[in-house]
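Numbering of residues begins at 1 and proceeds along the displayed sequence.
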Amino acid sequence: MRVTVFTEPHRGASYDDQLRFARLAEDGGFEGFFRADHYQAMGDEPALPGPTDAWLTLAALARETSRIRLGTLVTSATFRLPGPLAVMVSQVDQMSGGRVELGIGAGWYAREHISYGIPFPSVTERFDRFAEQLEVISGLWATPSGESFSYAGKHYQLTDAPALPKPVQTPGPPIIVGGRGPRRTPELAARYADEFNVPFTSLEQTADAYERARQASERIGRADSGRAPLVLSAGIVVAVGRTDTEAARRAAPLHVKSALPPEDAVIGSPQQLVDRIGEFAAIGTERVHLRLIDLTDLDHLELIASEVLPRLEATR
């Protein structure tokens, strides 16, 4: 099982907080450090010192880490134009020596768009734009050096783009598409993504979503085109401790009113997390993204590194 840590700096974290966490995750043996791409907290907390931009942060971490993979879960397609985003991710991939992954979604949190003056169209238009972004980004990355890329979509038009810079990874950094949507999300994942992620829900709902992604892959003939099957991943909200009291303290933020949908968290001992990951593995999960709430709680990360990762290795 591949294991990454997933963080939410919009809850309140400086760049230095994220750097400490990413370096500790790297030293602890995690495969990746992923972060949300949000500009505002989901509840009423002030979230000081304020937001940090996801791709500015990952660019800096690319130069201050050496092994750990870096990415977003997920970049909002409403935040950036697809051409500049392709350039940005390519550059960070170069800066990291080929360790970047692009998780990308349609965007959903209206409040942060209103707060920062970002257009927030209807859900149908957001998904239409998202689909075009995936086509543009993957098209730019796949364009051979010396050739140009043009695209005529409803929302985005590119004419003779030089499709530079080129990422280190070929044909480009892995693309992650995920969510709980029953139709367009699995379809877009099957068509454009390398990984399909189901975030923070039950085993049953995750298994159902995986099946929809498999069916979508069959409909579009993904295997016939020579592409590898989608990597199936799951997000797990984690609050574990050496005692029930410690676990409950870490879980306290989960009980605060939030715009997030209901989540199926693991609250308890490290062994309970090992068991839950084993249950996810049994339904076909190949990678888990563990969401740790407090970026200043380095002991939480160290506990998982010392008590969970070795047990996962032992079950192989």
Side-chain angles (χ1 to χ4, degrees), residues 1-8 21-36 65-74 98-103 169 173-180 186 189-190 193-214 217 228-242 247 250 263-293 300-316:
M1 178 67 70
R2 300 162 58 193
V3 183
T4 77
V5 293
F6 168 62
T7 63
E8 297 180 313
F21 212 79
R23 283 177 167 168
L24 189 60
E26 182 169 71
D27 293 342
F30 291 90
E31 182 194 38
F33 173 89
F34 283 70
R35 59 155 288 165
T65 58
S66 60
R67 179 197 58 81
I68 201 163
R69 297 192 66 78
L70 304 166
T72 49
L73 285 176
V74 293
R99 294 183 284 124
V100 161
E101 304 187 27
L102 172 63
Q169 300 173 90
I175 292 174
I176 304 170
V177 169
R180 307 180 191 183
D194 301 282
E195 177 177 326
F196 176 66
N197 175 257
V198 183
F200 317 121
T201 189
S202 68
L203 287 162
E204 182 180 7
Q205 289 178 309
T206 301
D208 289 344
Y210 287 169
E211 183 57 30
R212 291 192 293 270
R214 292 187 187 101
S217 295
L230 282 166
V231 172
L232 301 176
S233 71
I236 306 175
V237 182
V238 176
V240 299
R242 297 171 184 84
R250 288 179 169 138
E263 299 170 325
D264 190 12
V266 175
I267 302 170
S269 67
Q271 186 58 49
Q272 286 176 266
L273 178 55
V274 172
D275 293 342
R276 179 67 63 83
I277 292 172
E279 292 170 343
F280 273 105
I283 63 168
T285 304
E286 302 163 80
R287 192 186 205 192
V288 290
H289 301 279
L290 306 182
R291 193 179 102 201
L292 307 185
I293 298 165
H300 196 193
L301 184 63
E302 290 178 320
L303 177 63
I304 296 170
S306 63
E307 298 293 331
V308 173
L309 296 188
R311 298 184 199 184
L312 295 176
E313 289 289 334
T315 60
R316 284 188 175 183

_Candidate pair Leu303 and Arg242, rule side-chain contact (heavy atoms from CB on, under 4.5 Å), full reasoning_ = CA-CA 8 Å; Leu303 177 63; Arg242 297 171 184 84; 3.9 Å; yes
*Do Gln271 and Arg311 meet the criterion of a side-chain donor-acceptor pair at a distance under 3.5 Å?*
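Checked: Gln271/Arg311 side chains pair up, N/O donor to acceptor below 3.5 Å.
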Working to the nearest 0.5 Å, report the span between [atom1] of [X] and [atom2] of [Y].
X: Leu309; Y: Ile277; atom1: CG; atom2: CD1; value: 8.0 Å
X: Glu307; Y: Leu312; atom1: CD; atom2: CG; value: 12.0 Å
X: Thr4; Y: His289; atom1: OG1; atom2: NE2; value: 4.5 Å
X: Ile176; Y: Asp194; atom1: CD1; atom2: CG; value: 8.5 Å
X: Leu232; Y: Arg287; atom1: CG; atom2: CZ; value: 12.5 Å

For a 4.5 angstrom cut-off between non-hydrogen side-chain atoms, does [X] reach [Y]?
X: Pro199; Y: Leu73; result: no
X: Thr7; Y: Leu292; result: no
X: Asp264; Y: Arg276; result: yes

Which pair of heavy atoms, one from [X] and one from [Y], lies closest together, and at what distance?
X: Phe34; Y: Thr72; answer: CD2-N, 3.7 Å
X: Pro310; Y: Ala305; answer: CD-O, 3.2 Å
X: Pro270; Y: Gly241; answer: CD-O, 3.5 Å
X: Phe196; Y: Ala189; answer: CD1-CB, 3.6 Å
X: Phe30; Y: Ile304; answer: CZ-CG2, 3.7 Å
X: Met1; Y: Thr285; answer: CE-O, 3.3 Å

_Working note: Thr65 + Arg99, criterion side-chain contact (heavy atoms from CB on, under 4.5 Å); need CA distance, chi angles, decisive distance, verdict._
CA-CA 10 Å; Thr65 58; Arg99 294 183 284 124; 3.0 Å; yes
*Can you sort out the partners of Asp208 under salt bridge (charged side-chain N to carboxylate O under 4.0 Å, His left out), two or more places apart, ordered by chain and number?*
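If we apply the salt bridge (charged side-chain N to carboxylate O under 4.0 Å, His left out) test to Asp208, skipping adjacent residues, there are no hits.
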Distance-only check: which donor-acceptor pairs under 3.5 Å involve side-chain atoms of residues 233-240, not counting sequence neighbours?
from   : atom 1 : to     : atom 2 : distance (Å)
Ser233 : OG     : Glu195 : OE2    : 2.7
Ser233 : OG     : Asn197 : ND2    : 2.8

*asked:* I'd like to know if Arg214 and Glu211 make a salt bridge, using a cut-off of under 4.0 Å between side-chain N and carboxylate O.
replied: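 A salt bridge is present here (some side-chain N lies under 4.0 Å from a carboxylate O).
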*Does the pair Val308 and Val3 meet the rule for a side-chain contact (heavy atoms from CB on, under 4.5 Å), with working shown?*
CA-CA 10 Å; Val308 173; Val3 183; over 6 Å; no
Using modelled atom types and a 3.5 Å cut-off, is there a donor and acceptor pairing between side-chain atoms of [X] and backbone atoms of [Y]?
X: Glu8; Y: Ala36; value: no
X: Arg2; Y: Glu286; value: no
X: Glu26; Y: Ile68; value: yes

*Parallel, tilted or perpendicular: ring planes of Phe6 versus Phe200, cut at 30 and 60 degrees*: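 If you compare the ring of Phe6 with that of Phe200, the planes turn out parallel.
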*Should Glu302 and Leu24 be marked as a side-chain contact (heavy atoms from CB on, under 4.5 Å) after you check the CA-CA gap, both sets of side-chain angles, and the distance that decides it?*
CA-CA 8 Å; Glu302 290 178 320; Leu24 189 60; 3.6 Å; yes
